[in-house]
Amino acid sequence: MARFTESFLDDVRTRVDLLELVGRSVALKKSGSNWTGLCPFHTEKTPSFSVNPEKGFFKCFGCGAGGDVFAFVMRRQGLAFHEAVSSLAGQAGLEIPRDRDPLAEQRRQVRDRILEVNSRAERYFRDRLAAPEGRAAREYLDQRGLSTETVARFHLGYAPPGWRNLLDHFGGGDAAATLLREAGLVLAKEDSGRHYDRFRDRIIFPIHDRRGLCLGFGGRVMGDEKPKYINSPETPVYRKGEVLFGLDLALESIREEGSVIVVEGYLDLIALASRGVGHVVATLGTALTHRHLAILWQHTPEIRFCFDGDQAGQKAAWRAMELALEYLRSDRRAFFLFLPGSADPDDIVRLEGGDAFRQRVRDAWPLAEFLFRGVTAGITLEGPDGKAAAVSRARPLLQKVGDPLLRELHAEHLAGRLGVTTGHLLVDTTPAPAPSGGEYRAALSRPAAVSRRAVTPVAPQIPLGGAVSGGFDQERHILQMILRHPQLVEQHEEALGRQKIEDPLLAELLTELLVLASTGRVSDTGWPLTDLTLQSQEVARHLCLDEVPEFTDPDQQLSGCLESRQAGSVQGEIDRAITQETEGGQGGAGFWARFTALRREKESSRNARRHHEVAR
C-alpha cells in the first residue's frame with residue numbers, strides 16, 4: 001500500500017488546479033476572489049457552493065461540504081482517501097510511492113494479480129454473450145426487459161456450457177489453473193485434482209468496487225435448475241459482506257436523490273436502473289451486514305430497504321432493522337418498503353413502471369413505524385397481556401440504539417402508541433425472538449394505528465468531548481491498542497466484531513476501522529485515518545493524544561481485555577438472574593436452567609483465557 005508523506009500530498013495539491021477540477025462538473029462564476037456555483041453534492045436552486053483557488057479550498061454553505069482537491073474527488077467519485085490521492089497524482093504525472101514492507105508488498109501483488117485475472121475473465125464472458133453461442137442468453141435478457149444499453153452498462157456476460165472453456169481461454173496449463181483458482185474462477189476435483197470452470201451455462205454479473213474494478217462474479221441459470229445463483233468465493237479482493245452490487249454505478253444518483261434503495265437481487269437492481277431508478281444497490285447472496293450499513297451511511301443520510309412480502313423478506317427486514325437501530329444518529333434515517341405477496345422489485349417495476357415504483361419508495365414506512373408493527377405482530381393490544389408481550393419484544397430492540405437521547409425519544413414514541421410509560425420500555429433485558437413470518441404478514445396487512453408517514457424521532461448529535469472522555473475506560477483502551485497496533489485487528493477480528501461498545505462514537509470508530517482492515521488498506525505500522533469519516537478521524541485523534549501506558553505486549557493485553565469484557569457480560573447476566581429469582585421467587589426450573597447455562601458460559605470463557613495464557 002502506498003504511503004503518502006505530507007510533502008508528496010503538497011506536490012499533488014500544487015500540481016492539480018482545484019478550479020479546473022471543480023469546473024469539470026460545476027458551472028462556476030467569478031465572485032470577488034472566489035468562484036461560485038450550484039453545489040454538486042446536494043440539490044439547490046440558489047448557488048451556495050464556493051471555490052477559493054488561491055487557498056485551494058472549496059466550501060458549500062448549504063450542506064457543509066468542504067475541503068481540498070482530495071476531499072472534492074472523494075465526495076464526487078465516492079473514493080477513499082488513498083484512491084483519490086492515487087487518481088490525482090496520476091493526472092499530475094507524479095509517481096505513487098510504494099510501501100517497502102515485504103508482507104504488504106506481497107499482499108498488494110496478490111490483489112493486483114487477482115484483479116487482472118478478473119478483468120480478463122470479465123472480457124471473456126462479455127465476448128461469449130455477444131458471440132453466436134450467447135444467443136439463448138441474449139434472448140433471455142431481452143425477455144427480462146433488459147436493453148442492449150443496460151446489458152452493456154452492467155457489463156453482463158455469459159459462461160457457455162462445458163467444463164474447461166475459461167480454463168482453456170487462459171492457456172489450460174497448471175499456471176493458468178493456479179491463477180484462476182486464486183481468483184475463485186475454477187474448482188479442483190477431489191479425486192483427481194483436475195480443475196474445471198466454476199461458472200457454466202449461466203448469465204454472468206460482474207461485481208465491481210466503487211472504482212469499477214472487477215472483484216468477482218455472480219452467475220444465474222436461465223431455467224429452473226438449482227442452485228439458481230452461484231457467486232465467487234471470498235478472495236483477498238472480494239468479501240461479500242463488504243461489497244454492494246451496483247454501488248459504483250449508483251453513487252451519482254445516490255448523491256442526487258439524497259438516499260439509497262437496498263434490494264436483494266442482481267436483476268431487481270438492473271430492472272430498476274433500466275427504468276430510471278438509479279439510486280439502488282443490492283446485497284450479494286448474503287444478509288445485510290454492519291459493514292454494508294457503514295459503507296452506505298458514508299454516502300447518504302437515508303437508506304430505504306426494499307424487501308419481498310414473503311416470510312424470507314420479513315426476516316431480512318427484521319435483521320436490517322436491528323442493525324439500523326445500532327447505527328441510528330440524528331442525521332441518519334431508515335425506511336422499509338414491503339412489496340405485495342411474493343412479488344420482487346423486478347416484477348413490480350416491469351408491471352407498474354419506474355414512476356409507480358418511486359411512489360412506493362416514497363410511501364415506505366419509517367423505521368419507527370416498522371418497529372411498532374414488528375413488536376405488535378400477532379398481538380392484541382387491548383388487554384394487559386398483549387401490551388406486556390409487546391413491551392417484552394421492544395425492550396431489547398431499544399437497547400440497541402447507541403445514542404441515549406435518541407433511544408429515549410424512540411421509547412417515548414413507542415410508549416405512546418402502546419399505551420404504556422416510557423420507563424416500562426427503557427429496562428435492560430435479554431433479546432426477545434422476532435415475530436414469525438405469519439405474524440409479520442398479518443401485521444403488514446392490517447391498518448396502522450397512526451399515519452404511515454409518521455416521522456422517526458431524532459436527537460442532536462452527542463458532543464465529541466463528552467463521549468470520548470467518559471467513563472468507558474476499557475472501550476477506550478481497546479481502540480487505543482488497535483490504533484497503535486493495526487496488526488491486532490486481523491488476529492482478533494471476530495472478537496472485536498462481537499464487542500458491544502456503549503459509547504456511540506467509539507462504536508462507530510471501531511466499525512469503520514474493521515471496514516478499513518477488511519479492505520487491505522492497512523499496513524502493520526499505520527492506519528489510513530483520512531479514509532475515515534471526519535467525526536471518526538476526530539475521535540481517533542483524541543484517543544491517540546490521550547496519555548496511556550505503553551502496551552508492552554499488545555496481543556496479550558488486548559486478548560485479556562476482550563476476555564474480561566466477555567466474562568463481565570456473562571457475570572452480569574448471572575447477577576441479574578439471581579436478583580430476579582431473589583426478588584420474585586418464580587424462576588423455578590426455568591431459572592435454574594438459565595443459571596446453569598450462564599455458569600457454563602462463564603467457565604468456558606475462563607478456561608479459554610487460561611489456555612491462551614498457557615499457550616503464550
(message) Quick check for you: to the nearest 0.5 Å, what is the distance between F41 atom CZ and E256 atom CD?
(response) 12.5 Å
(message) Has T14 got a side-chain atom pairing as donor or acceptor with D10's backbone, closer than 3.5 angstrom?
(response) yes
(request) Kindly determine whether L18 and V22 satisfy side-chain contact (heavy atoms from CB on, under 4.5 Å), including the steps that lead there. (result) CA-CA 6 Å; L18 176 62; V22 175; 3.7 Å; yes
(message) Would you call the rings of F70 and F81 parallel, tilted or perpendicular, taking 30° and 60° as the class edges?
(response) perpendicular
(message) Between R360 (side chain only) and L337 (backbone N and O only), is there a donor and an acceptor less than 3.5 Å apart?
(response) no
(request) Assign the ring pair F205 / Y229 to parallel, tilted or perpendicular, where the plane angle (0 to 90°) is split at 30° and 60°. (result) tilted
(request) Evaluate the side-chain proximity of F307 to Q314: yes if any heavy-atom separation is below 4.5 Å, no if none is. (result) no
(request) Inspect the contact between E149 and R153 and indicate whether a charged nitrogen and a carboxylate oxygen are less than 4.0 angstrom apart. (result) no
(request) Check the pair R138 / D142 against side-chain contact (heavy atoms from CB on, under 4.5 Å), numbers first and verdict last. (result) CA-CA 6 Å; R138 295 194 301 273; D142 183 60; over 6 Å; no
(request) Anything under 30° is parallel, anything over 60° is perpendicular, the rest tilted; go ahead and classify W365 against F338. (result) tilted
(message) Just so I know, are the side chains of R198 and P233 near enough to count as touching, which here means a heavy-atom distance under 4.5 Å?
(response) yes
(request) Would you please classify the geometry between the F72 ring and the F49 ring as parallel, tilted or perpendicular, with 30° and 60° separating the classes? (result) tilted
(message) If the threshold is 4.0 Å, N to carboxylate O, is there a salt bridge linking R332 and E508?
(response) yes
(message) Treating S274 as the side-chain partner and T150 as the backbone partner, does any N or O pair qualify as donor plus acceptor under 3.5 Å?
(response) no
(request) Applying side-chain hydrogen bond (donor to acceptor under 3.5 Å, both in side chains), run through R128 and Y124 and close with a yes or a no. (result) CA-CA 6 Å; R128 299 284 66 75; Y124 169 79; 4.8 Å; no
(message) Between R120 and E116, does any NZ, NE, NH1 or NH2 come within less than 4.0 Å of an OD or OE carboxylate oxygen?
(response) no
(message) As an exercise, state the distance from CZ of R275 to CD1 of I270, rounded to the nearest 0.5 Å.
(response) 11.5 Å
(message) Can you tell whether the side chains of E257 and R358 come within less than 4.0 Å, N to carboxylate O?
(response) yes
(message) Are H169 and F125 packed together at the side-chain level, in the sense that at least one heavy-atom pair is separated by less than 4.5 angstrom?
(response) no
(message) Could you tell me if the side chain of P236 sits less than 4.5 Å from the side chain of R107, heavy atoms only?
(response) no
(message) Using 0.5 Å steps for rounding, measure from the CZ atom of R75 to the NE2 atom of H299.
(response) 11.0 Å
(message) To the closest 0.5 Å, what do you measure between OG1 (T511) and CZ (R291)?
(response) 8.5 Å
(message) I want to check something: taking the side chain as every heavy atom from C-beta on, are D346 and V263 in contact at a cut-off of under 4.5 Å?
(response) no
(request) Flag the pair H292 / T289 as yes when at least one side-chain heavy-atom distance between them is below 4.5 Å, and no otherwise. (result) yes
(request) State whether R108 and D112 are salt-bridged, where the test is any N-O pair (Lys NZ or Arg NE/NH1/NH2 against Asp/Glu carboxylate O) under 4.0 Å. (result) yes
(request) Please confirm whether the backbone N or O of P301 pairs with a side-chain atom of D331, one donor and one acceptor, at under 3.5 Å? (result) no
(request) Measure the shortest side-chain to side-chain distance between Y266 and L284 over non-hydrogen atoms and say whether it is less than 4.5 angstrom. (result) yes
(request) Compare all side-chain heavy atoms of L88 with those of L21 and state whether any distance is below 4.5 angstrom. (result) yes
(request) Inspect the contact between R123 and D127 and indicate whether a charged nitrogen and a carboxylate oxygen are less than 4.0 angstrom apart. (result) no
